[in-house]
Amino acid sequence: MSTDELSALLEDFGEPKYRAKQLFKWLQSGIDTFDEMTNIPKSLRDKLNDRCYIANAKIVKRFASQIDETVKYVFKLYDGEYIESVLMRYEHGYTLCISTQIGCRMGCKFCASGLGGLIRSLTASEMLSQIMTAQKDNGIRISNVVMMGMGEPLDNFRNCSKFLKLVSDENGLNIGLRHISLSTSGVVSGIKKLALLNMPITLSVSLHAPNDEIRNTIMPVNKKWNVEELLGVCREYQKVTTRRISFEYALISGVNDTKACADELSRKLKGIMCHVNLIPANPVKENGFKKPDRKNIEKFKSMLEEKGITVTVRRTLGADIDASCGQLRKRVREEEDADIQ
Ligand code: SAH
Ligand code: SF4
């Protein structure tokens with residue numbers, strides 16, 4: 001809840017509204033129970049206990065990498081559903097990759113998160129809770145957030161925009177919007193709404209193919225909004241926000257890694273101030289896709305660079321924890337099913 005919403009709640013409780021700021025600070029500090037709010041009178045704590053709950057994500061599995069400081073989490077939510085987050089250590093600090101939905105309905109062919117469809121969207125507090133729990137578990141401050149875990153953030157626009165407001169509140173986690181990236185598979189209507197908010201976050205667009213012919217085969221969302229519409233709205237977004245856009249491109253061997261693809265991609269991105277992030281595709285056993293070998297990834301990178309595009313290849317962190325987006329949750333659910341049978 002925002003401070004305004006807490007004020008309204010206090011009014012409803014017949015309590016003084018000035019406590020809203022105190023409550024907000026407490027709720028953003030990672031507490032598990034209202035009784036930990038030591039400077040709040042017992043009578044108010046009782047009312048909170050009766051009528052409210054704290055939507056904390058509980059750690060069910062924690063996989064810590066032996067080669068770097070990456071930690072992958074499976075969290076359980078109040079309704080027994082599972083989500084994933086990944087904590088990564090960079091030179092500039094800690095980054096948490098958070099989930100925005102349980103499952104996903106976009107159905108991208110290379111992704112494990114979408115295999116079981118969408119179960120439900122996360123609330124803003126469930127997104128915040130992933131950060132608070134990971135901070136508490138490691139005794140650290142998370143300085144950067146990427147909304148790149150399970151789910152399509154722009155298919156959960158209301159909660160994600162509320163999350164962005166709350167997470168950057170100076171009385172709360174106080175993570176600056178410039179330190180936050182939101183990744184979308186290309187929900188054009190959502191990008192338009194996001195442009196209206198004009199927030200200084202980084203927009204990441206999962207493009208993965210330079211044309212409709214290829215993109216239609218791997219990303220069903222392309223049938224609703226094709227490459228031309230998507231790049232058109234990216235141009236508009238950039239005009240409004242003046243922010244550089246990041247394009248994600250998962251390289252899948254034999255699908256989108258040819259020289260022709262690199263050429264077409266560089267042509268289509270002309271005029272957009274952007275950065276291309278190449279992701280060697282993570283194999284998911286259900287789809288049989290493979291990543292190109294290192295040499296071909298480097299070749300694709302150089303072909304784009306020759307056309308003046310800034311390119312990075314995503315570093316593989318926590319490679320010894322054999323799992324990527326959506327796979328840990330799937331594994332925990334399968335284990336649970338096996339226990340029941
Ligand atoms: N739904 C949003 C954000 C979550 S997915 C989106 O699609 O952008 C985060 C990123 O991981 C996206 O770029 C997505 O395309 C990519 N991704 C998903 N599965 C992958 C896989 N098996 N290998 C490589 N990248 C993958
Ligand atoms: Fe959903 Fe993103 Fe996975 Fe596509 S890649 S299914 S949009 S989480």
Side-chain angles (χ1 to χ4, degrees), residues 72 83-86 88 95-122 127 130 145-157 159-160 163 180-191 194 201-209 214-225 230 233-234 245-253 255-257 274-292 297 300 312-319 321-330:
K72 298 190 182 180
I83 49 163
E84 297 179 16
S85 310
V86 183
M88 294 160 284
T95 296
L96 191 73
C97 175
I98 63 162
S99 292
T100 57
Q101 293 183 313
I102 304 167
C104 181
R105 62 176 175 151
M106 308 310 286
C108 305
K109 295 287 187 288
F110 44 80
C111 175
S113 293
L115 285 173
L118 174 69
I119 294 179
R120 69 170 174 88
S121 283
L122 297 187
M127 294 178 220
Q130 297 170 57
V145 174
V146 292
M147 299 165 85
M148 287 191 185
M150 201 179 352
E152 167 51 58
L154 298 183
D155 186 35
N156 182 18
F157 191 88
N159 290 313
C160 286
F163 162 78
I180 301 180
S181 295
L182 181 149
S183 177
T184 177
S185 57
V187 177
V188 166
S189 56
I191 300 175
L194 199 60
I201 57 167
T202 299
L203 177 66
S204 280
V205 176
S206 299
L207 192 57
H208 303 326
I214 302 175
R215 204 164 187 265
N216 279 340
T217 65
I218 52 175
M219 299 181 75
V221 66
N222 199 65
K223 293 189 181 134
K224 182 146 187 186
W225 294 289
L230 176 56
V233 84
C234 287
I245 293 177
S246 171
F247 288 101
E248 309 292 304
Y249 197 100
L251 282 166
I252 311 170
S253 178
V255 175
N256 61 2
D257 62 341
C274 68
H275 166 262
V276 172
N277 194 10
L278 296 176
I279 317 169
N282 257 314
V284 174
K285 77 171 186 296
E286 282 77 2
N287 63 35
F289 288 151
K290 287 192 185 65
K291 62 177 154 209
I297 296 173
F300 198 90
T312 47
V313 177
R314 180 171 296 171
R315 241 184 348 133
T316 313
L317 288 173
I321 315 165
D322 153 48
S324 63
C325 337
Q327 288 176 299
L328 288 176
R329 161 179 168 268
K330 224 176 129 273

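Just so you know, ligand 1 is whichever comes first in the structure, and atom 1 is the first atom listed for that ligand.
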For [X], the ligand 1 atoms whose distance to one of its heavy atoms is below 4.0 Å:
X      : value
Ser185 : 6 (C), 7 (O), 8 (O)
Gly151 : 1 (N), 2 (C), 3 (C), 4 (C)
Asn282 : 21 (C), 22 (N), 23 (N), 24 (C)
Ala281 : 23 (N), 24 (C)
Thr184 : 6 (C), 8 (O)

Is there side-chain contact between [X] and [Y], with at least one heavy-atom pair below 4.5 Å?
X      : Y      : answer
Thr184 : Glu152 : yes
Ile252 : Lys291 : no
Met150 : Cys104 : no
Ile191 : Leu230 : yes
Trp225 : Ser189 : yes
Val146 : Ile180 : no

Are any of the N or O atoms of [X] closer than 3.5 Å to those of ligand 1?
X      : result
Ser183 : yes
Phe110 : yes
Cys111 : no

| Among Gly149, Gly114, Cys104, closest by any non-hydrogen atom to atom 4 (C) of ligand 1 | Gly149
| said: Which option wins on minimum heavy-atom distance to atom 7 (O) of ligand 1: Pro153, Ser206, Cys108? | reply: Ser206
Indicate whether any N or O donor in one side chain lies under 3.5 Å from an N or O acceptor in the other, for [X] and [Y].
X      : Y      : value
Ser99  : Glu84  : no
Ser183 : Glu248 : no
Asn277 : Ser246 : no

| query | Below 6.0 angstrom between ring centroids: does that apply to His208 and Phe247? | reply | no
| said: Check for me: within less than 2.8 Å of atom 3 (Fe) of ligand 2, which protein N/O/S atoms show up? | reply: Cys111 SG
Classify the contact between [X] and ligand 1 as side chain, backbone, both or neither, using a heavy-atom distance cut-off of under 4.0 Å.
X      : result
Thr100 : neither
Glu248 : side chain
His208 : side chain

| query | Between Arg215 (side chain) and Leu207 (backbone), is there a donor-acceptor pair under 3.5 Å? | reply | yes
| query | Considering residues, nucleotides and ligands other than Arg120, do more than 12 of their heavy atoms fall under 6.0 Å from its CZ? | reply | yes
